[in-house]
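Structure first, then comments.
Letters A, B, ... mirror the listed sequences (proteins, then strands); counts begin at 1.
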2 protein chains.
Amino acid sequence: MNATRPVGVRRHNLGLVLSHLAVTGPSSRAQIAAAVGLTKAGVSSIAADLIARRLVAEPGRRTAGEAGRPGSVLVVDGAGCAGIGLEVNVDYLAACVVDLARRTRFHRIDAAVDPRSPKRTLTRLAHVARQARDAATAQGLTVGGVGVALPGLVDPGTGVLLHAPNLGWHDVHVAPLLADALDVDAARVELDNEANLAASAELWFGDGGAWGDYLHVSGEIGVGAGIVRDGALARGSHGFAGEVGHLSIDPRGPVCGCGARGCVERYCGQEAILRAAGVDARPTTSTGRPDGSLARLLAALEAGRVRPARAVGRAGEALGRGVAGAVNVLDVDTVVLGGIYSRLAPWLVGPFTDSLRRNTFAVRWARTRVEVSRLGPDAAVRGAAGLTVHRVLTDPASLSPLVAG
Amino acid sequence: MNATRPVGVRRHNLGLVLSHLAVTGPSSRAQIAAAVGLTKAGVSSIAADLIARRLVAEPGRRTAGEAGRPGSVLVVDGAGCAGIGLEVNVDYLAACVVDLARRTRFHRIDAAVDPRSPKRTLTRLAHVARQARDAATAQGLTVGGVGVALPGLVDPGTGVLLHAPNLGWHDVHVAPLLADALDVDAARVELDNEANLAASAELWFGDGGAWGDYLHVSGEIGVGAGIVRDGALARGSHGFAGEVGHLSIDPRGPVCGCGARGCVERYCGQEAILRAAGVDARPTTSTGRPDGSLARLLAALEAGRVRPARAVGRAGEALGRGVAGAVNVLDVDTVVLGGIYSRLAPWLVGPFTDSLRRNTFAVRWARTRVEVSRLGPDAAVRGAAGLTVHRVLTDPASLSPLVAG
DNA sequence: AGGTTTCGTCAACGATCTTTACTAAACGAT
DNA sequence: ATCGTTTAGTAAAGATCGTTGACGAAACCT
């Protein structure tokens, strides 16, 4: 049931032109034609269609031509459609609105209510989500979909959060609840792991385009990773791929909550690092202010204190051993350090890279690059909004079958 | 440069119908139409095209219909085109010819000349390859391409074997040499790792179709694995994905040739198992007879001796820990034990499965199945031939632009 | 024997991209 | 200032492809 029809060709080429325009920026029809392999006439027809759908705009500017008639510039129309991104974390809730031109139109972080109560937290999340929706409509934007970033295992089919150890939640029906609160189709609410969405955000809003295939490692309370391969997230059969936090790096290591021994998270998770560094880690769930203890760790590191620096270095060494296993299995071009690791990078990257290289089999023929994420802590929310933005950019026909012109 | 044209639709649908026919077996046009989502008229047109290309035959049989006019059965035409598969291993060389109906038309195993001499070994391989080609043409088959299975890292772009530790080879230009010896286009000679090809063979000739996404672990002198995701091999950025043999499972374990410590191969490779079992392992390169020591191990196991059984059980436990890491990263439905592991299965599967489950994070929500390969030791050669068979089945137009009828 | 059901084909049709020719718009040399 | 050159965009014709709908063919059932 995978048959291609002539109309499928149009659908594909609509997405091809629109997403090309999104990554390359303002271009003329002729430039697009040369880049994607269609003829000028073909691009003209497709551009007219996209303009009719209000996904592309023609501001009237012209290319500063070398010789010959200058082209009329086409741009992605940011005023038409937007995606909503939501995030639930141990420390906070967040919401944002991102338009099709990838501009953030709304962004709000909300101190968490007690995460131990899923009901109250989700009620609060629905409230923030409605604020985001209202902000979008007030700016004349059509909401194309909603994405939710969650710190745990999700079932993308049913929209259920199966297991979030750091929240203490299990089997929470997040998607139906939000679909109800926002009055949108449940199929338009997509859930995913925050590590997966942070990795996607890197691709859509960060430097991911230059990294080839990559593994994006997010350090938070837990340690997760997202795998990007051929410009798309590899989610695995059940959406659980990238659980590097529970790779075992020592069969005689401490027992982990997951049942195994010596999991990466026991050495490289935020709490393990804080403990090893001798920085007081108040239980993060009881303080309203996020990152309190992490800020203290950073201050200690910048003050040049020895024990914290050594603790971070040891964590980097351990993380390198774990990630090397993932690299041996995946063969990616690049490993990206995100989350708290991006802030600890000056003290972490050296030991991490050494350890990674020493434990990667094919390193002589495929030296894995190590990069640090430049996206801030809001990578996951933006990635959640990006789910919709990316879907519309690659498949404009998914938004509306046809706009009556 | 990814534009779809109307002719691309035809190309896609040709492959859709032909590969559907290959997996489903003999079907009428109407059955195909209902299954793939095209109309009867569309399938008629495509079938006529495939018959003109001699890729599909219409033997004249009719479906035993319930009611109504019976359909005329279409089958994949095995008499038209075939792929050649070659394999270089420590113990032997092998060659086979597989036709489009997936029947093996020729199969030959050759005792190795001294593998320490790449030149002499490849001369011998070229000789065997010519025998395969001659067998194919003698049966009226057009050779669509050549695949080569090698025990090491290959660069699929240039056709170079980069590094084969167990052969002691490095930087050997295998593809150009064979293309020259067989007088075919170098682009028609594809190299790949034997673990990757064994995994593919499972998909094309074995039970792989029922396993969803899977990791196929091949036990040989080394330990390798192939990853199958969405019905296709995931090769990684450089074709090195699946190197589970060099996952470290103990940071204080023995040093491996790759530089790391405690690699899976040191616990679960053929030589490690033989040593732990107390079975004399003569250097495998000096004996012409393959599998000599493995046969002695199996005899000892079947005789009920304790030490070999315990050794295999321990290897299974260690392998489970390593593979659990891969499963945490990949999230596959199934793990398949192939190579020598399929023969050791009665003593290996239990400890392996227990260890795998204990060390897999998401096991409660996505219980990984464990299966044993039913393909024999010739999985890799058949997979090599399958490269061509699969390419032609999924993209018939790649074979010949158009056959003048 | 006649009705029913399903199969395969044919001709007309609509959708799509390409080809070819043409007009539009800017640059530069004379 | 003018004319030739170059490039951009468009319009019409052409080609390919799958769909639609009608029709004859071939089996089964009553």
(message) With nearest nucleotide decided by heavy atoms, which residue, B:I46 or A:S72, maps closer to the 5′ end of DNA chain D?
(response)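 Upstream on the strand: A:S72.
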
So, OP1 or OP2 of [N]: does either fall under 4.0 Å of a side-chain N or O from [X]?
X	N	value
B:R62	D:dA26	no
B:R11	D:dC17	no
B:R5	C:dT16	no
A:T39	C:dT18	yes
A:S44	D:dG9	no

(message) Assess, by modelled atom type and distance only, whether the side chains of B:S45 and B:R10 contain a donor and an acceptor separated by less than 3.5 Å.
(response)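 There is such a pair between these side chains.
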
(message) Looking only at the side chains, is there a donor atom on one of B:S237 and A:D333 sitting less than 3.5 Å from an acceptor on the other?
(response)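 Yes - a donor-acceptor pair under 3.5 Å links their side chains.
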
(request) Could you check whether B:A41 gets within reach of a base, just the sugar-phosphate, or nothing at all, counting any heavy atom under 4.0 Å? (result)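 Base, at least one base heavy atom under 4.0 Å.
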
(message) Quick check: do B:R188 and B:V143 have side-chain heavy atoms less than 4.5 Å from each other?
(response)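 With C-beta onward as the side chain, the pair stays apart.
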
(request) Let me know, please, whether A:G42 or B:S45 comes out on the 5' side of the other along DNA chain C by nearest nucleotide. (result)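 That would be B:S45.
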
(message) Quick check: on DNA chain C, is the nucleotide nearest A:K40 upstream (toward 5') of the one nearest A:N13, or the reverse? Name the residue that is more 5'.
(response)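 Mapping each residue to its closest nucleotide by heavy atoms, the 5'-most match is A:N13.
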
Return the value, rounded to whole Å, for the distance between atom [atom1] of [X] and atom [atom2] of [N].
X	N	atom1	atom2	answer
A:E58	D:dG9	CD	C1'	10 Å
B:L50	C:dG8	CG	P	15 Å
B:H12	C:dT16	NE2	P	18 Å

(message) By nearest atom, which of the nucleotides D:dG9, C:dT9, D:dC17 is closest to the B:V9 side chain?
(response)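 My answer, after comparing the listed nucleotides, is D:dC17.
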
For the base of [N], is there a side-chain donor-acceptor partner from [X] under 3.5 Å away?
X	N	answer
A:R29	D:dA8	no
A:R10	C:dA15	no
A:R69	D:dA8	yes

(request) Using heavy atoms and a sub-4.0 Å distance, could you list which residues of residues 18-27 of chain A are near DNA chain D? By number, please. (result)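 The stretch gives none, as no residue of it lies under 4.0 Å from the strand.
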
(request) Can you see which heavy atom on B:L387 is nearest to which on B:W204, and at what distance? (result)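 Shortest heavy-atom contact: N-CZ3, 3.5 Å.
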
(request) Check for a donor-acceptor pair, side chain of A:R374 on one end and backbone N or O of A:E202 on the other, with a separation under 3.5 Å. (result)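 Not a single qualifying donor-acceptor pair exists.
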
(message) Would the distance check show the side chain of B:D155 and the main-chain N or O of B:G159 forming a donor-acceptor pair, the cut-off being under 3.5 Å?
(response)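 Between the backbone of B:G159 and the side chain of B:D155 there is no qualifying donor-acceptor contact (under 3.5 Å).
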
(request) Identify whether the distance between the nearest side-chain nitrogen and carboxylate oxygen of B:R235 and B:D192 falls below 4.0 Å. (result)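 The answer is yes: the pair qualifies as a salt bridge.
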
